[in-house]
Chemist: 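Could you have a look at this structure, given as structure tokens, before my questions?
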Amino acid sequence: MDIGALQKTEIASLRRIVSEIEEAAGRDSREPFARLLARLDGWTARVAVIGQVKAGKSSFLNAFIGEIGLLPSDVNPWTSVVTNLRINLPGDPPQGASFRFFDERSWDEIVNGDPRVRRMAEEMLPGFDSGILLRQAQEMKARAQARLGRAYATLLGNSHTYDFLSPELLQSYVCAGPGADEGLGNQALGRYASITREAEVYLRLPGFAVPVVLTDTPGVNDPFLVRDEFTCRSLDRSDIFIIVLSAHQPLTEADIALMRMLSAERAKNVIVFINRIDELEDLDEELDGLVADVAARLRAAIPEAAFSIHAGSAWLAELAQREDAEARSLRAGVDDAGLRRFLRDCYGEVPTGQAERLMLASGVGEVKQTLGSLIDLGAGYRQLASIHEELRSEVGALIALCKRERDSVARQVESVSGQGAARFLTEIRAEMAQLSDLRRRLEERFEAMTAATDRILVRSAAMMQQALETTIRAFVEEQRAALAGHASGGERGPVTVDLAALGGHLDRDVTDTFRRTRAAVDRALNDCLVSAASLAGERFEGIAEGVTLRGLPHDEFTTALTLSRRALTVDVIAARGWAFWRRPGIDVPKTFEALRRITLAELLPWSHKIMKTATEAQAERVMAGKERIQIILSMVDKAIAERAQRLRSDSSVLAQLAADPSRGAQMSHRLQSRMEVLERRLQLLAISDSRLSRSHLAAAA
């Protein structure tokens with residue numbers, strides 16, 4: 001079965017309902033439904049493949065999509081650029097690639113640092129030499145200039161786009177390794193990698209029922225440090241994660257920390273794939289114990305989480321899909337009695353075809369099935385449920401508006417007489433004034449809510465910055481005792497600062513502050529919704545019954561940024577701080593001061609990025625809540641516009657009717673036609689609303 005087949009059916013079903021509602025809504029009320037249709041048409045499953053360097057992520061992705069050798073996966077080069085495989089996305093080219101380079105601003109920030117953060121570091125650290133932070137970035141800049149020559153300056157801010165794909169093309173833009181870092185002999189390998197910000201690869205592939213973006217990321221222990229923010233942002237944008245582990249080192253502390261972070265947000269879905277089982281000495285004896293050990297350690301470390309764990313081999317999947325002579329020879333070597341015994345014990349079947357046997361043993365098929373289930377019933381399902389909830393809010397408000405218009409027209413029908421017509425003109429003008437007053441009062445509440453949420457977000461940013469800086473400073477102070485112990489032991493080597501504990505504290509600071517802010521924001525949004533619903537309900541019965549704040553984004557929040565520096569900063573501090581420890585006889589106070597400056601200079605920019613990411617998530621939740629409440633304001637605006645239109649179209653006729661009552665039949669006929677249109681619209685909307693209520697998406701919302 002194709003990946004996301006059920007999701008495709010659900011999207012198609014919901015799209016039919018939205019199209020029917022858009023048609024029934026009338027020309028003046030179609031905009032929100034057209035917007036929802038665009039969201040459905042742009043729906044994409046976003047999957048990130050992550051893990052440590054050389055765990056086999058790129059090899060796994062090649063086998064997973066059936067494009068063997070497409071992504072660079074040799075021993076020497078490794079992926080250093082976030083690479084998005086855009087599969088079957090509407091509007092994309094059928095094949096090709098696009099590589100976006102750093103622009104002047106982002107490149108300057110990498111090379112010279114964020115000016116705001118640098119100023120903050122210099123203010124907090126008198127005598128701080130900002131040059132100590134720039135070594136790696138400056139080396140990267142020098143390497144890029146040497147490799148690209150005169151083209152270097154013209155490439156920044158631009159992109160390269162191709163209508164074809166090849167492994168050699170991708171290697172030029174996304175690889176780092178000896179070919180990119182040690183000399184310029186191999187001009188093709190990694191030629192543009194230093195300045196490439198992100199790569200987009202366009203594919204049309206069978207086996208994917210819905211559009212999917214598979215993101216190949218640099219490893220979490222990648223030494224190419226300046227890209228950590230872009231990698232982490234790609235993780236923050238993803239909904240489902242495939243964590244690739246190596247069978248030789250299946251669960252490091254960094255892996256556990258990564259999975260703990262991802263499991264903290266229930267909207268995230270995680271698949272664990274233990275790769276390279278073909279390299280185990282005794283597959284039958286070792287595999288069950290290996291999987292059981294990984295599962296047990298995950299349960300112990302993260303008892304509240306439930307991961308899907310699969311074991312397999314991207315190499316076996318590659319052999320199954322290759323048709324060259326070397327692959328045929330290798331297949332014959334691994335397709336032995338032991339493999340068949342493994343298949344029988346593990347899967348209960350032994351396929352008749354050699355390629356089918358290797359593909360089953362690779363475990364890639366199981367990962368595809370699990371991914372399909374997560375798209376159909378997990379993250380993708382919840383995204384559709386959120387659209388469903390917004391649709392029900394719009395439909396409920398529109399039904400209430402149509403009922404109000406129908407009742408107004410019905411009263412006008414009863415007034416089709418000379419005296420009644422004049423009275424109705426007076427009544428409709430008075431009603432417009434009342435609606436305008438209602439609109440003003442609703443706007444006042446909306447503006448008050450906006451001011452309140454703005455204050456909450458500003459206060460939250462300050463609280464989060466203070467919490468992060470306090471935690472970082474306390475952590476740095478704790479290193480004083482560790483440094484004294486290092487000196488007393490007579491050691492002269494580098495000092496390693498383990499940031500695992502700090503990462504946990506920062507996770508807590510971010511999560512706690514976000515939850516408090518979310519609660520305050522939700523109260524402000526809900527108070528505004530209740531007040532607006534009450535005011536509007538006085539004139540439009542039931543207009544806000546379907547408007548809720550369910551399904552807003554970011555009930556919980558985590559960011560990969562807190563994880564990214566747990567391993568990376570250790571290496572940077574060790575490399576940059578080694579000279580202090582080579583001096584004979586360590587001066588502990590001076591050495592600690594140097595360590596303090598280096599550590600704070602590293603961690604302050606990090607905390608600033610974390611705070612920025614959390615603030616963006618909070619603002620996104622506020623904006624989504626405002627859009628729900630604005631449904632009520634939008635319906636009142638439509639009512640005012642409808643009344644104004646009726647005044648323009650009917651005033652002259654009603655005035656003539658007041659002078660000539662014999663024209664009442666003509667006016668009555670026109671009003672009856674309008675009544676029939678409204679009745680038909682209400683019937684169609686009621687049918688659609690009933691279908692939405694019966695949909696199983698309603699339960700998820």
Side-chain angles (χ1 to χ4, degrees), residues 2-8 10-11 38-51 57-67 70-72 79-100 159 161-162 165 169-170 173-174 196-219 227 229-244 262 265 267-271 273 364 367-368 370-384 386-387 553 559-560 620:
D2 290 347
I3 294 173
L6 178 59
Q7 183 78 345
K8 180 180 180 179
E10 292 290 349
I11 291 173
R39 284 179 61 186
L40 285 172
D41 291 342
W43 188 93
T44 302
R46 298 187 175 275
V47 184
V49 179
I50 54 182
K57 298 185 300 299
S58 297
S59 297
F60 167 79
L61 272 171
N62 287 336
F64 191 84
I65 65 175
E67 297 287 333
L70 177 63
L71 294 172
T79 301
S80 68
V81 175
V82 172
T83 305
N84 298 309
L85 305 180
R86 298 169 60 91
I87 302 171
N88 302 343
L89 267 67
D92 276 2
Q95 180 179 272
S98 178
F99 306 96
R100 187 158 53 101
S159 62
T161 300
Y162 301 87
L165 276 176
L169 175 68
L170 292 177
Y173 290 89
V174 306
T196 304
R197 179 168 183 165
E198 199 165 28
E200 307 282 348
V201 177
Y202 309 112
L203 297 165
R204 288 285 185 268
L205 299 176
F208 293 84
V210 293
V212 174
V213 174
L214 288 172
T215 299
D216 188 16
T217 64
R227 300 185 186 278
E229 181 178 6
F230 306 108
T231 300
C232 294
R233 286 304 180 94
S234 72
L235 300 186
D236 285 341
R237 292 195 301 263
S238 300
D239 306 302
I240 300 171
F241 299 88
I242 301 175
I243 300 179
V244 179
L262 295 178
E265 189 172 350
K268 305 296 186 184
N269 293 252
V270 180
I271 302 170
F273 181 68
V364 170
V367 177
K368 287 185 176 182
T370 302
L371 176 61
S373 296
L374 292 179
I375 291 174
D376 291 337
L377 305 174
Y381 186 86
R382 281 189 290 274
Q383 289 180 32
L384 281 192
S386 177
I387 297 175
T559 174
E620 185 179 344

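If you're wondering where the values come from, they're calculated on a predicted model, not measured in any experiment.
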Chemist: Rounded to the nearest 0.5 Å, how far does OG1 of Thr83 lie from OH of Tyr173?
Modeler: 13.0 Å

Chemist: Nearest 0.5 Å please: distance from the CG atom of Leu371 over to the CZ atom of Phe64.
Modeler: 5.0 Å

Chemist: Might you work through the side chain to side chain contact (heavy atoms under 4.5 Å, CB included) test for Glu67 and Leu205, ending with a clear yes or no?
Modeler: CA-CA 10 Å; Glu67 297 287 333; Leu205 299 176; 3.5 Å; yes

Chemist: State the NZ-CG distance between Lys57 and Leu214, to the nearest 0.5 angstrom.
Modeler: 14.0 Å

Chemist: Could you tell me which non-hydrogen atom of Ile375 sits nearest to which non-hydrogen atom of Gly4, and how far apart they are?
Modeler: CG2-CA, 4.1 Å

Chemist: Looking only at atom types and distance, does a side-chain atom of Asn88 sit under 3.5 Å from a main-chain N or O of Val212, one as donor and one as acceptor?
Modeler: no

Chemist: Check whether any side-chain heavy atom of Leu165 sits under 4.5 Å from a side-chain heavy atom of Leu203, and report yes or no.
Modeler: yes

Chemist: Under the side chain to side chain contact (heavy atoms under 4.5 Å, CB included) rule, what do Leu61 and Ile242 come out as? Steps first, then yes or no, please.
Modeler: CA-CA 10 Å; Leu61 272 171; Ile242 301 175; over 6 Å; no

Chemist: Parallel, tilted or perpendicular for Tyr162 and Phe99, by the 30°/60° rule?
Modeler: perpendicular

Chemist: Can you see which heavy atom on Thr161 is nearest to which on Ser98, and at what distance?
Modeler: OG1-OG, 3.5 Å

Chemist: Kindly give the heavy-atom pair with the smallest separation between Arg204 and Gly91, and that separation in Å.
Modeler: NH2-N, 4.5 Å

Chemist: Asp376 and Gln7: side-chain donor and acceptor closer than 3.5 Å?
Modeler: no

Chemist: What closest approach, in Å, do Ser58 and Pro72 show between heavy atoms, and which atom pair accounts for it?
Modeler: CB-O, 3.4 Å

Chemist: Could you pull out the closest heavy-atom pair between Tyr202 and Ala97, with the gap in Å?
Modeler: CD1-N, 3.7 Å

Chemist: Looking at every heavy atom in both Ile243 and Val270, which two are closest together, and how far apart are they?
Modeler: CD1-CG1, 3.7 Å

Chemist: Do the side chain of Asp216 and the main chain of Leu71 share a donor and acceptor less than 3.5 angstrom apart?
Modeler: no

Chemist: Using the rule given for side chain to side chain contact (heavy atoms under 4.5 Å, CB included), can you reason through Phe241 versus Ile50, listing the C-alpha separation, both sets of side-chain angles and the distance that settles it, and then say yes or no?
Modeler: CA-CA 7 Å; Phe241 299 88; Ile50 54 182; 4.0 Å; yes

Chemist: Is the side chain of Lys368 donor-acceptor paired with the backbone N or O of Ile3 at a distance under 3.5 Å, no angle test?
Modeler: no

Chemist: If we only count heavy atoms from C-beta on, is the Arg46 to Asn84 side-chain gap below 4.5 Å?
Modeler: no

Chemist: When rounded to the nearest 0.5 angstrom, what is the spacing between CZ in Arg382 and CG in Leu377?
Modeler: 10.0 Å

Chemist: Between atom OG of Ser386 and atom CZ of Arg39, what is the distance when rounded to the nearest 0.5 Å?
Modeler: 5.5 Å

Chemist: To the nearest 0.5 Å, what is the distance between OG1 on Thr215 and CD on Glu198?
Modeler: 7.5 Å

Chemist: Given side chain to side chain contact (heavy atoms under 4.5 Å, CB included), test Val367 with Phe60 step by step and report yes or no.
Modeler: CA-CA 11 Å; Val367 177; Phe60 167 79; 3.8 Å; yes

Chemist: Does a side-chain heavy-atom distance below 4.5 Å link Leu374 with Asp239?
Modeler: no

